[in-house]
Amino acid sequence: MSLQHETEDALASRLVEVRRSLHREPELSNEEFRTTEKLRGWLNEAGIRVLDLPLKTGLIAEVGQGNGSIVAIRCDIDALPIEEQTGLPYASAIPGKMHACGHDFHSAVILGAALLLKKREHELPGKVRILFQPAEETGHGAEEVLASGGLDGVQAIFGLHNSPELPTGTFGTRTGALTAGVDRFEITVKGVGAHAAYPENGVDTIVTAAQIITMLQTVVSRLNSTQEPVVLSVTRINGGFTWNVLPEKVELEGTVRTYNEAIRRSIPAQMTRIIEGIAAAAGAEAKLHWYPGPPATVNHGEWADFTKAAAARAGYEVHDIPPQMGGEDFAYYLQQIPGAFVNIGTGPNHALHHPQFDVDETALLPAAKYFAALAEQALAKLKPQA
Ligand SMILES: [Zn+2]
Ligand SMILES: [Zn+2]
């Protein structure tokens, strides 16, 4: 076996260890203290500098030299409030918490890339910021990172998500929107409670809410172009407490997903018209509360093509994948910094957020090598020509 292979085998087992260590101790968004300390320890051990930034959890390291170009590679580090049911020997040791989105895999990949880049530090034509982002699952971690100033000066940024639908050895991305804008809403419907036998004495919030729910689907089917996908899902209904009383209040909650930012911005007004119009017709009062989440993740064409070419060179089977209605707060970076978000095959496996979700660990080393190569190639591309 060549020396190259021996070191690669060592790195492969190291990354499996790292991933399993994180997997065993999952931490929820904004509580990734132990995870951050572990990552800091592994980076320190390798002599990789960690930037001094006002981040409560998560961190940014830096490899490279000079005052030239800067690129960033990003992973997320948080877990989910899910009870793990994989039965794996390294399953979560923390009840009710699980790395069910594979952010442990992402962290091990990006740490591996950092270790590989460190070995080539003196050859790098610039600097690579290595971002371990907190709180992706809340949709707000990326905003904290941007506010910390840790990405100032970055000229291109790349991030990954594992894909249980793509087999190991495959790679997917696309130009344009890859994930949707993700907004949450709540609706309160207020009427007048009454005896169920005498509805004429009240204002029925159940019937009103039912009409609102049905009519809201016309936001998708009648108010926006069929050429621009929109999903509107009402996911919670709370109202009433027994069989013979009409409640005075009903609460609804749900989410809207779309790729088009102009449509996204027009939807709250469309919903408000429906909600308030139906409530007025019923003699009730209803109000929409809007909680914006991350916008669509829109890959820059030039860099999406660049990630695909690098993936092909690295031996991946490269796919153009369709956009997904899920969300990803990497979107905020791409609003300010050119770059692309990519999917790395780790499947077939259970879907993201499933209690039996797992990843194929043989995908770790190739992905680490890919991200190290991608960062270096991006620096070379950005380097001003002499
Ligand atoms: Zn997730
Ligand atoms: Zn995720």
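When reading the values below, keep in mind they use all heavy atoms of this one structure, side chains included, and skip hydrogens, waters and symmetry mates. Index from 1, following the sequence.
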Centroid-centroid distance, Tyr316 to Tyr370, less than 6.0 Å: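 Yes, ring centres under 6.0 Å apart.
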Could you walk me through whether Asp78 and His103 satisfy the side-chain hydrogen bond (donor to acceptor under 3.5 Å, both in side chains) test, starting with their C-alpha distance in whole Å, then the side-chain angles of each, then the deciding distance to 0.1 Å, before giving a yes or no? CA-CA 6 Å; Asp78 53 332; His103 298 184; 3.0 Å; yes
Among Leu43, Thr35, Leu53, the one residue meeting side chain to side chain contact (heavy atoms under 4.5 Å, CB included) with Leu59: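 Output: one option passes, namely Leu43.
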[atom1] ([X]) with more than 12 external heavy atoms under 6.0 Å:
X      : atom1 : answer
Glu285 : CD    : no
Asp52  : CG    : no
Gln377 : CD    : yes
Arg222 : CZ    : no

Stepwise side-chain contact (heavy atoms from CB on, under 4.5 Å) check, Thr173 with Asn299: CA-CA 9 Å; Thr173 193; Asn299 280 339; 3.1 Å; yes
Under 3.5 Å, is there a donor-acceptor pair linking the side chains of [X] and [Y]?
X      : Y      : answer
Glu317 : Thr170 : no
Asp329 : Gln133 : yes
Asn224 : Gln270 : yes
His23  : Glu84  : yes
Ser29  : Thr138 : no

If hydrophobic clusters are built from ILVMFWY residues whose side chains come within less than 4.5 Å, do [X] and [Y] share one?
X      : Y      : answer
Leu124 : Leu115 : yes
Leu111 : Leu22  : yes
Leu352 : Val109 : yes
Ile213 : Val220 : yes

Can you check whether [Y]'s main-chain N or O pairs, donor with acceptor, with [X]'s side chain at less than 3.5 Å?
X      : Y      : result
Thr218 : Ser221 : no
Tyr333 : Leu151 : no
Thr272 : Leu288 : no
Glu83  : Gly96  : yes
Ser163 : Asn343 : no
His195 : Ala197 : yes
Arg129 : Gly150 : yes
Arg174 : Ile321 : yes
Glu165 : Pro348 : no
Lys127 : Glu62  : no

Please name the pair of heavy atoms, one in [X] and one in [Y], separated by the smallest distance, quoted to 0.1 Å.
X      : Y      : value
Ala194 : Asn201 : CB-C, 4.1 Å
Asp360 : Asn349 : N-ND2, 3.8 Å
Phe171 : Thr307 : CZ-O, 3.6 Å
Pro294 : Glu328 : CB-O, 3.9 Å
Glu123 : Lys119 : OE1-O, 4.4 Å
Ser148 : Pro54  : O-CD, 3.8 Å

Heavy-atom check, side chain of [X] versus side chain of [Y], under 4.5 Å:
X      : Y      : result
Asn162 : His106 : yes
Leu178 : Gln324 : yes
Lys381 : Trp303 : yes
Ile82  : Phe357 : no
Arg74  : Phe341 : yes
Leu216 : Ile275 : yes
Pro81  : Met98  : no
Ser21  : Lys38  : yes

Working for side-chain hydrogen bond (donor to acceptor under 3.5 Å, both in side chains), residues Arg257 and Thr255: CA-CA 7 Å; Arg257 311 287 172 108; Thr255 183; 3.0 Å; yes
Among Glu137, Glu136, Glu143, exactly one meets side chain to side chain donor-acceptor pair (under 3.5 Å) together with His140. Which residue is that?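 When side chain to side chain donor-acceptor pair (under 3.5 Å) is applied between His140 and each of Glu137, Glu136, Glu143, only Glu143 qualifies.
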Passing candidate, side chain to side chain donor-acceptor pair (under 3.5 Å) with Glu25, options His99, Arg34, Lys97: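 That would be Arg34; it is the only one of His99, Arg34, Lys97 passing the side chain to side chain donor-acceptor pair (under 3.5 Å) with Glu25.
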Are [X] and [Y] close enough for a salt bridge, meaning some N to O gap below 4.0 Å?
X      : Y      : value
Glu376 : Arg120 : yes
Asp104 : Arg20  : no
Lys56  : Glu31  : no

Test side-chain contact (heavy atoms from CB on, under 4.5 Å) on Val230 and Ile267; report intermediate values, then the result. CA-CA 10 Å; Val230 178; Ile267 284 178; 3.8 Å; yes
To the nearest 0.5 Å, how far apart are [atom1] in [X] and [atom2] in [Y]?
X      : Y      : atom1 : atom2 : value
Leu15  : Leu364 : CG    : CG    : 6.0 Å
Glu276 : Ile212 : CD    : CD1   : 9.5 Å
Asp204 : Glu248 : CG    : CD    : 12.5 Å
Phe132 : Ile77  : CZ    : CD1   : 8.5 Å

Going through the checks in order, is the side-chain hydrogen bond (donor to acceptor under 3.5 Å, both in side chains) test met by Arg19 and Tyr90? CA-CA 10 Å; Arg19 185 248 160 175; Tyr90 52 87; 3.2 Å; yes
Could you walk me through whether Phe185 and Val256 pass the side-chain contact (heavy atoms from CB on, under 4.5 Å) check? CA-CA 8 Å; Phe185 63 81; Val256 175; 3.9 Å; yes
Go through the steps to decide whether Ile73 and Ile110 satisfy the test side-chain contact (heavy atoms from CB on, under 4.5 Å), and finish with yes or no. CA-CA 7 Å; Ile73 51 177; Ile110 294 303; 4.2 Å; yes
